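Starting off with a structure, shown below.
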Amino acid sequence: MIARRLAVPLAGILAGGSVLLVQPAVAASPPGQVSPPGQAEKRPVAEGYGGAVATVDLDASEAALGVLRRGGNAVDAAVAAAATLGVTEPYSAGLAGGGFLVYYDARHRKVHTIDGRETAPRAMTATSLEGIAFDEAVTSGLSAGVPGSVAQWELALRRFGTLPLGQALKPAIKVASEGFTVDQTFYDQTAANAARFKDFTSTAKLYLPGGAPPPVGSTFRNPELADTYRRLGREGGGWLYGGRLGSEVVATVKSPPVTPGSTRNVRPGLMELSDLRAYRAIERPPTKVTYKGMDVYGMAPPSSGGSTVGEALNILEALPEVGVHEYLEASRLSFADRGKYVGDIPGVPLKELLSDGFAKERACLVGDRALPHPAPAGDPDGAYGPCRAASPAQATPTPAEGPETTHLVVTDRWGNVVAYNITIESTGGNGIVVPGRGFLLNNELTDFTFGPAPGDPNLPAPGKRPRSSMAPTIVLADGRPLLALGSPGGSTIITTVLQILVNRWDLGMSLPDALAAPRATQRNTAQTQAEQGFIDRYGTGLTAKGHSLVLNPEIGAATAVEFLRHGRLQAVAEPTRRGGGSALVVSERR
Ligand code: GLY
């Protein structure tokens with residue numbers, strides 16, 4: 001259970017338990033054209049050469065693979081996969097959502113990030129969500145943030161890709177037009193949303209045809225979304241950011257198409273066309289920490305992913321040994337600091353939060369027993385001493401978050417790498433489809449603190465981006481990629497990424513085992529949520545140390561890629577969570 005600190009050989013760790021996937025020869029048609037039919041069923045692990053992809057969904061992975069095989073790069077393929085997930089995983093991702101993209105540029109050996117987070121409309125203030133029940137905000141126009149995905153796709157393609165948007169959208173257009181096979185996950189997610197989907201005419205028409213979720217095994221087509229993507233490709237993002245599509249988004253947000261007779265109280269939103277016109281995706285410097293000699297890059301604010309994963313790794317690095325108890329305690333402490341200091345505000349003390357001095361001060365609080373709840377935040381002030389704890393009154397609770405969002409990884413033949421988290425926030429977003437356009441709106445603004453909460457860095461404000469937990473992560477060794485990973489799951493994203501890194505680098509698991517292993521999540525909460533397998537394995541020992549474990553049936557749905565020796569790639573998705581994911585490689589042979 002406890003791994004003594006070892007010098008890990010960085011470039012030579014061969015993982016076991018993989019499934020080889022035989023791929024047909026590389027096609028010669030131009031990138032962006034639609035793929036020939038591929039794998040009949042999704043598999044969680046693939047090893048090979050020339051590029052790799054892992055997503056939660058076979059159609060999306062095939063979309064990316066098709067782009068890679070036709071000469072597109074990792075960014076082209078990531079946009080193609082993200083747009084396809086907007087078709088096949090429409091309750092987790094879509095053009096009206098947002099996301100964070102971390103990119104390793106092999107030529108310049110440099111990591112970049114693009115923030116495509118949704119923003120609050122300019123009319124939103126610190127009190128706009130105050131007093132509103134969370135559940136009421138979830139299904140409302142008020143919670144819809146100004147979408148970021150389309151601007152992010154355009155910026156990513158312009159800066160680092162090779163395809164125009166219209167080409168990158170082609171695989172998604174094909175899947176939307178021809179349809180995909182409804183699986184159990186899609187059915188379950190639709191059924192779980194049915195009570196609110198039926199309350200909007202546009203949503204019921206699309207996702208409850210005949211009044212019920214489409215059955216497992218049926219073919220689901222979304223010709224309106226195909227048309228929306230086609231037109232977006234032709235007209236560009238301006239069609240959304242100030243154009244006709246934008247006007248329709250605003251009209252839907254302000255006057256949601258509530259089904260006659262519905263008793264749901266649907267609060268209208270504050271978004272104006274000028275908010276869409278003002279939206280920008282933003283390149284930001286990545287966060288970086290060094291862990292066991294590896295450089296771990298992540299997403300800076302407004303995401304708390306990079307800072308919280310990074311701080312926890314630094315705390316672990318400062319401890320003499322690392323096991324599941326230390327993993328939970330490092331996570332608890334870094335979540336305490338996240339709650340107090342991180343948000344879309346000026347002056348987040350990022351450098352200090354990620355400093356070794358601060359980590360040492362936090363690490364010395366970790367003992368043999370679980371820290372009392374709640375752990376107070378520390379003082380990342382640059383003056384560090386032994387075991388300085390802030391007063392308990394400063395503790396900030398971590399709100400509950402659901403299993404929403406999705407993550408994909410792609411690498412190409414040149415060695416470029418993308419780790420990309422995308423979301424529309426809740427599973428099913430705000431539940432409101434823009435009439436005639438085939439996509440759901442996000443409810444990302446529920447990621448703000450509702451208040452009143454004086455001093456909270458995550459209160460809403462005009463044009464502000466809600467704090468995220470998305471943690472797309474790229475690990476380099478000697479300046480070359482070693483691992484890329486990420487997960488959905490609200491604030492559990494952070495702990496899932498951290499736990500996979502601990503599993504891989506401290507507990508010595510192969511990457512497939514590190515993803516499949518049972519999870520637990522400690523986010524400065526009184527109880528640690530854990531999957532049954534984790535409780536079975538570690539429950540007795542952790543309870544004896546003062547941890548209180550409570551069942552969470554499923555945590556996260558990660559995807560990852562590891563760079564093995566001699567150019568060999570290992571793409572990994574979940575074997576079972578969220579119905580299992582899909583890993584593919586361009587070729588099984590060099
Ligand atoms: N909506 C999930 C996140 O941003 O963390």
Side-chain angles (χ1 to χ4, degrees), residues 56 82 85-86 89-102 113-120 129 134 137-140 143-149 152 189 281-282 284 287 298-310 331 334-335 338-339 342-344 348 398-408 419-431 440-450 457-458 460 464-473 485-498 521 523-525 529 555-559 578:
V56 74
L85 287 167
E89 292 280 317
Y91 309 140
S92 300
L95 73 93
F100 294 100
L101 186 150
V102 180
T113 79
I114 300 180
D115 164 2
R117 185 66 160 170
E118 299 91 330
T119 62
L129 298 172
F134 185 79
V138 161
T139 307
S140 74
S143 59
V146 181
S149 286
Q152 187 181 41
Q189 290 180 343
I282 301 169
R284 297 186 187 276
T287 60
M299 198 63 228
S303 184
S304 60
S307 64
T308 314
V309 170
S331 179
S334 56
F335 263 90
R338 166 194 186 264
V342 184
D344 184 18
V348 174
T398 305
E401 285 182 46
E404 62 272 352
T405 306
T406 190
H407 181 266
L408 62 97
Y420 190 16
N421 255 141
I422 44 179
T423 188
I424 58 171
E425 172 43 19
S426 296
T427 304
N430 73 354
L440 283 156
L441 293 170
N442 74 77
N443 59 353
E444 212 67 54
L445 304 185
T446 59
D447 270 356
F448 280 123
T449 304
F450 279 32
N458 191 37
K464 187 171 173 178
R465 300 180 181 208
R467 179 177 61 211
S468 172
S469 302
M470 291 191 274
T473 302
L485 76 162
S487 176
S491 54
T492 72
I493 292 170
I494 290 165
T495 57
T496 294
V497 168
L498 181 63
T521 176
R523 291 159 288 151
N524 203 17
T525 46
Q529 293 179 7
I555 300 172
T559 52
R578 271 209 200 173

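Worth knowing before you read on, the calculation uses all heavy atoms, side chains too, and leaves out hydrogens, waters and symmetry mates. Just so you know, these numbers come straight off a predicted model, no measurement behind them. Counting starts at 1 for both ligands and their atoms, following the listed order.
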Problem - Residue Ser469 vicinity, atoms of ligand 1 by number, heavy atom under 4.0 Å - result: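 That gives atoms 3 (C), 4 (O), 5 (O) of ligand 1.
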Problem - Partner set under salt bridge (charged side-chain N to carboxylate O under 4.0 Å, His left out) for Asp344, not counting sequence neighbours - result: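 In terms of salt bridge (charged side-chain N to carboxylate O under 4.0 Å, His left out), with neighbours along the sequence ignored, Asp344 is linked to no residue.
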Exercise for the section: Kindly say whether Ser331 contributes a backbone atom to a donor-acceptor pair with the side chain of Ser334 at under 3.5 angstrom? Expected result: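 The answer is yes, because a donor-acceptor pair under 3.5 Å joins these two groups.
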Exercise for the section: Give the numbers and elements of all ligand 1 atoms closer than 4.0 Å to a heavy atom of Glu425. Expected result: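 The atoms of ligand 1 under 4.0 Å from a heavy atom of Glu425 are 1 (N), 2 (C).
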Practice task
Report the part of Arg467 in contact with ligand 1, treating N, CA, C, O as backbone and CB onward as side chain, heavy atoms under 4.0 Å; options are side chain, backbone, both, neither.
Solution key: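 Neither part.
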Exercise for the section: For Glu444, enumerate each residue passing the salt bridge (charged side-chain N to carboxylate O under 4.0 Å, His left out) test, keeping only those at least two apart in sequence or located in another chain. Expected result: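 Salt bridge (charged side-chain N to carboxylate O under 4.0 Å, His left out) check on Glu444 returns Arg117.
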Handout entry: Met470 neighbourhood, listing ligand 1 atoms whose heavy-atom distance to it stays under 4.0 Å
Key =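 The list of qualifying atoms is 3 (C), 4 (O), 5 (O).
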Problem - Ser468 neighbourhood, listing ligand 1 atoms whose heavy-atom distance to it stays under 4.0 Å - result: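 What qualifies from ligand 1 is 3 (C), 4 (O), 5 (O).
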Handout entry: Residue among Asn443, Asn442, Thr139 satisfying side chain to side chain donor-acceptor pair (under 3.5 Å) with Ser426
Key =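 Among Asn443, Asn442, Thr139, the one that satisfies the side chain to side chain donor-acceptor pair (under 3.5 Å) with Ser426 is Asn443.
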Problem - For Thr423, atoms of ligand 1 separated by under 4.0 Å from a heavy atom - result: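 Ligand 1 atoms under the 4.0 Å threshold to Thr423: 1 (N).
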Practice task
Show which atoms of ligand 1 fall inside a sub-4.0 Å distance from at least one heavy-atom site of Asp447.
Solution key: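 Here the atoms of ligand 1 in question are 1 (N), 2 (C), 3 (C), 4 (O).
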Practice task
Would you check if Glu118 and Val146 make a side-chain contact, meaning some heavy-atom pair closer than 4.5 Å?
Solution key: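 Not in contact.
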